[in-house]
Amino acid sequence: MTCEELINIASHIGLGLLESGAEAYRVETSVHHVVEAYDLGDCEVFSIPNYLHIHLTKKDGTTISDMSRASSMKGVDLERLNALNDLCRFIAQHKPDSTEIWKQLHEIDNGRNYSLPMQMLSYAICSAGFAMFWGGVLLDAAAAAIIGGIIGAAMFAMGRLEANLFYKSLISSALSALLACIFIHFGLGINRDEIIIGVFMTLLPGLLLTNFMREIIVGDWLTGITKLMEALLIAAAVALGTGLVLAIV
């Protein structure tokens, strides 16, 4: 394998990890192991949430670099992240040729995503559970489940349009508040606030906040602060969408 092929593969894996929500140290460590596995030179890797830089110094002293920009605020894809982690381990242990690696990358990039019904069901169950948790009755939980399913479909549709997480959260929160008000108006729910909060909880950036703390703990302050700002923006979008509808209705 040539250095150019290796850099392209490492960059593709690193960007995939970034866009799947991986922490900076995970991206840097994984890419470093991939490059170092072939013993073609010394590698340095630097990443922040939407940027990846790989620098390889060959054994003859010449250098090669790759700078890539990742799509920011796409959300979190734990299944893809796990598959890319497994691929990095496979490369480090078995050192396959580039053809085999690109074949596996193609399978990961075109892997099975959760279907629309599955996503709608997940949002419905979570929304109903949170509505009950925050004091709602069974009728509120049923209303939250229906609204949650609709929000799941909306998030799926906006994902197909490649909308970023800020706009997805803004529109989804506004839609959930509007639907909750409609359900209450027609007697299909009792406690409006509990219904809204139940759906609201499925939109909050809990994993981003967790990753922010992990980045800070390992000393990646720049990445940690960036993730914190992303989480705050998404939370603000959720609050803004809900607040605008409640102020109008």
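We count residues from 1, following the sequence as given.
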With a 4.5 Å heavy-atom cut-off, do I195 and S176 have their side chains touching? no
Any side-chain heavy atom of I234 sitting closer than 4.5 Å to one from L170? no
E5 side chain reached by I101 side chain, heavy atoms, under 4.5 Å: no
Quick one: sort the Y51 and H53 rings into parallel, tilted or perpendicular, breaks at 30° and 60°. perpendicular
Rounded to the nearest 0.5 Å, the NE2 atom of H12 sits from the CG atom of D66 at a distance of 12.0 Å
Single-linkage hydrophobic cluster, 4.5 Å side-chain cutoff, L139 and I197 together: no
I need the N211 CG to D220 CG distance, nearest 0.5 Å. 11.5 Å
side-chain hydrogen bond (donor to acceptor under 3.5 Å, both in side chains) involving N85 - partner list, sequence neighbours excluded: none
Under a single-linkage definition using a 4.5 Å side-chain heavy-atom cutoff for Ile, Leu, Val, Met, Phe, Trp and Tyr, are L18 and F212 assigned to the same hydrophobic cluster? no
Please answer: with hydrophobic residues joined when any side-chain heavy atoms are less than 4.5 Å apart, are W221 and V27 in the same cluster? no
To check you understand the geometry: which heavy-atom pair defines the closest contact between H55 and S65, and what is its length? ND1-OG, 2.6 Å
Donor-acceptor pairs are to be reported for all side-chain atoms of residues 143-156 against protein atoms at under 3.5 Å, with residues two or more places apart or in another chain.
none

Can you establish whether the number of heavy atoms outside K58 located under 6.0 Å from its atom NZ is more than 12? yes
Within the structure provided, determine whether L17 and L52 are in side-chain contact (heavy-atom separation under 4.5 Å). no
Going from CE on M132 to CG on D140, what distance comes out if it is rounded to the nearest 0.5 angstrom? 9.0 Å
Would you call V34 and L6 a side-chain contact if the rule is heavy atoms closer than 4.5 Å? yes
Output the distance between atom OG1 (T210) and atom CD (E23), rounded to the nearest 0.5 Å. 10.0 Å
Any idea which heavy atoms bring K227 and L208 closest together, and the distance? CB-O, 4.4 Å
Nearest heavy-atom pair of C181 and R192: which atoms, and what distance? SG-CD, 3.8 Å
Please examine the side chains of S30 and L84, heavy atoms only from C-beta on, and report whether any two atoms are closer than 4.5 Å. no
Check against side chain to side chain contact (heavy atoms under 4.5 Å, CB included), I184 and I190: CA-CA 6 Å; I184 293 295; I190 298 175; 5.6 Å; no
For residues 36-46, please give each side-chain donor-acceptor pair under 3.5 Å, one per line with the distance, not counting sequence neighbours.
| unit_1 | atom_1 | unit_2 | atom_2 | d |
| --- | --- | --- | --- | --- |
| E36 | OE2 | C43 | N | 3.1 |
| Y38 | OH | P96 | O | 2.5 |
| D39 | OD2 | K59 | NZ | 3.1 |

Enclosure of W134 CH2 (heavy-atom neighbours >12, cutoff 6.0 Å): no
So do V238 and F200 actually touch side chain to side chain, heavy atoms under 4.5 Å? yes
How long is the span from the CH2 atom in W102 to the CG atom in N8, to the nearest 0.5 Å? 6.0 Å
Do you know which two heavy atoms are closest between G224 and E215, and how far apart they sit? CA-CB, 3.6 Å
Kindly give the heavy-atom pair with the smallest separation between L81 and G21, and that separation in Å. CD1-C, 4.0 Å
Can you establish whether the number of heavy atoms outside H106 located under 6.0 Å from its atom NE2 is more than 12? no
Are N50 and I48 close enough that some pair of their side-chain heavy atoms sits under 4.5 Å apart? yes
Atom of A180, atom of I196 and distance for their closest heavy-atom approach: CB-CG1, 3.5 Å
